[in-house]
Protein chains: 2
Amino acid sequence: MLPNLQHMSDNGNIMHLDGALPIQYLPKPPKRPRTSFTSEQLQIMQTHFIQDKNPDAQTLQRLADMTGLSRRVIQVWFQNCRARQKRNPLHDSIPPLDRYQTSWI
Amino acid sequence: MLPNLQHMSDNGNIMHLDGALPIQYLPKPPKRPRTSFTSEQLQIMQTHFIQDKNPDAQTLQRLADMTGLSRRVIQVWFQNCRARQKRNPLHDSIPPLDRYQTSWI
DNA sequence: GCCTAATGAGTAGTAATCAC
DNA sequence: GTGATTACTACTCATTAGGC
């Protein structure tokens with residue numbers, strides 16, 4: 001985390017030009033946003049994933065419109081879902097046990 | 001990554017007006033637009049390509065009207081398609097339209 | 001602590017452009 | 001026109017970081 005902070009402090013420290021800008025205040029905490037899907041959105045994506053694991057651009061857009069999510073988010077979900085399935089070939093159909101929301105197909 | 005950053009310094013950017021204007025205020029990357037064809041448009045172009053690899057101007061225009069694309073885009077596609085076929089004499093027909101799509105249309 | 005959404009490096013295919 | 005090159009889009013794979 002905070003790689004920017006890191007290497008900023010260990011260089012020559014030539015940062016006294018006009019400054020009085022102490023290092024401690026510097027970097028912005030970027031905070032990566034993370035979307036969490038509703039069960040409805042998951043339903044739509046999962047259902048589609050079964051019939052097409054690699055949707056093309058316009059299908060992606062269609063799914064985006066259906067779910068209200070951005071095309072990029074949908075795309076990333078499909079990427080992760082493919083990777084997930086590849087890593088874990090066991091459950092490619094229905095999860096065996098019914099623990100509450102295993103969010104997996 | 002960071003392709004935008006890359007070519008940002010060597011394009012227009014008439015930034016030498018008054019010196020000491022560091023590059024860090026990256027103005028704007030022009031971003032070359034790239035059309036992506038629908039399978040229908042590809043179908044039309046590919047079908048025609050088989051019977052005529054060098055369509056003349058008015059044939060190009062006719063294809064443009066059929067597909068809704070510009071004449072220039074059609075022309076470039078035929079140029080690239082000839083080059084592609086020359087480079088790769090194996091599959092002389094039908095470049096893949098979507099990488100993992102098993103069945104198209 | 002796990003699960004996983006998001007990011008980044010590396011790669012590929014190709015539309016668009018450049019040089020000729 | 002061609003051939004070479006550029007730059008945009010999308011993918012995989014590995015990794016990082018957010019939230020129950």
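Letters A, B, ... are given to chains in the order of the sequence lines, protein chains preceding strands, and every chain is numbered from 1.
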Between A:Arg72 and A:Gln75, is any side-chain donor less than 3.5 angstrom from a side-chain acceptor?
yes
Atom-pair distance (CZ on B:Arg34; P on C:dT17), nearest Å:
11 Å
Can you tell me how far C1' of D:dA10 sits from CZ of A:Arg72, to the nearest Å?
9 Å
Below 4.5 Å, heavy atoms only, C-beta onward: do A:His48 and A:Met66 meet side chain to side chain?
no
Looking only at C:dA15, D:dG1, C:dA6, the nucleotide nearest the B:Gln75 side chain is D:dG1
Distance check: side-chain N/O of A:Lys86 vs OP1/OP2 of D:dC13, anything under 4.0 Å?
yes
Between A:Arg87 (CZ) and D:dT15 (P), how many Å, whole number?
12 Å
In whole angstrom, what separates A:Leu42's CG from C:dC3's P?
16 Å
Distance below 4.0 Å between B:Lys31 side-chain N/O and D:dC8 OP1 or OP2:
no
How far apart are the closest heavy atoms of B:Ala64 and B:Ser70, and which atoms are they?
CB-C, 4.0 Å
Spacing of A:Ile74 atom CD1 relative to C:dA6 atom P, expressed in whole Å
10 Å
Give a yes or no on this: more than 12 heavy atoms of other residues, nucleotides or ligands lie within 6.0 Å of atom CD of A:Gln51.
yes
Gap between atoms CZ and P, on B:Arg84 and D:dT2 respectively (whole Å):
13 Å
Using whole Å, report how far CZ of A:Arg71 lies from C1' of D:dC8.
12 Å
For A:Asn80 and for A:Leu60, locate the closest nucleotide of DNA chain D by heavy-atom distance; then report the residue assigned to the nucleotide nearer the 5' terminus.
A:Leu60
Between CZ of B:Phe37 and P of D:dT9 the distance, given in whole Å, is 14 Å
Could you tell me whether A:Gln43 atom CD has more than 12 heavy atoms of other residues or ligands within 6.0 Å of it?
no
Hey, is the side chain of A:Arg82 poking within less than 4.0 Å of OP1 or OP2 on D:dT12, counting only N and O atoms?
yes
Heavy atoms under 4.0 Å, any strand shown: does B:Gln79 hit a base, just sugar-phosphate, or nothing?
base
Would you tell me if any nitrogen or oxygen in the side chain of A:Ser36 comes within less than 4.0 Å of OP1 or OP2 on C:dA5?
no
Do A:Arg32 and D:dT16 have a side chain to base donor-acceptor pair shorter than 3.5 Å?
yes
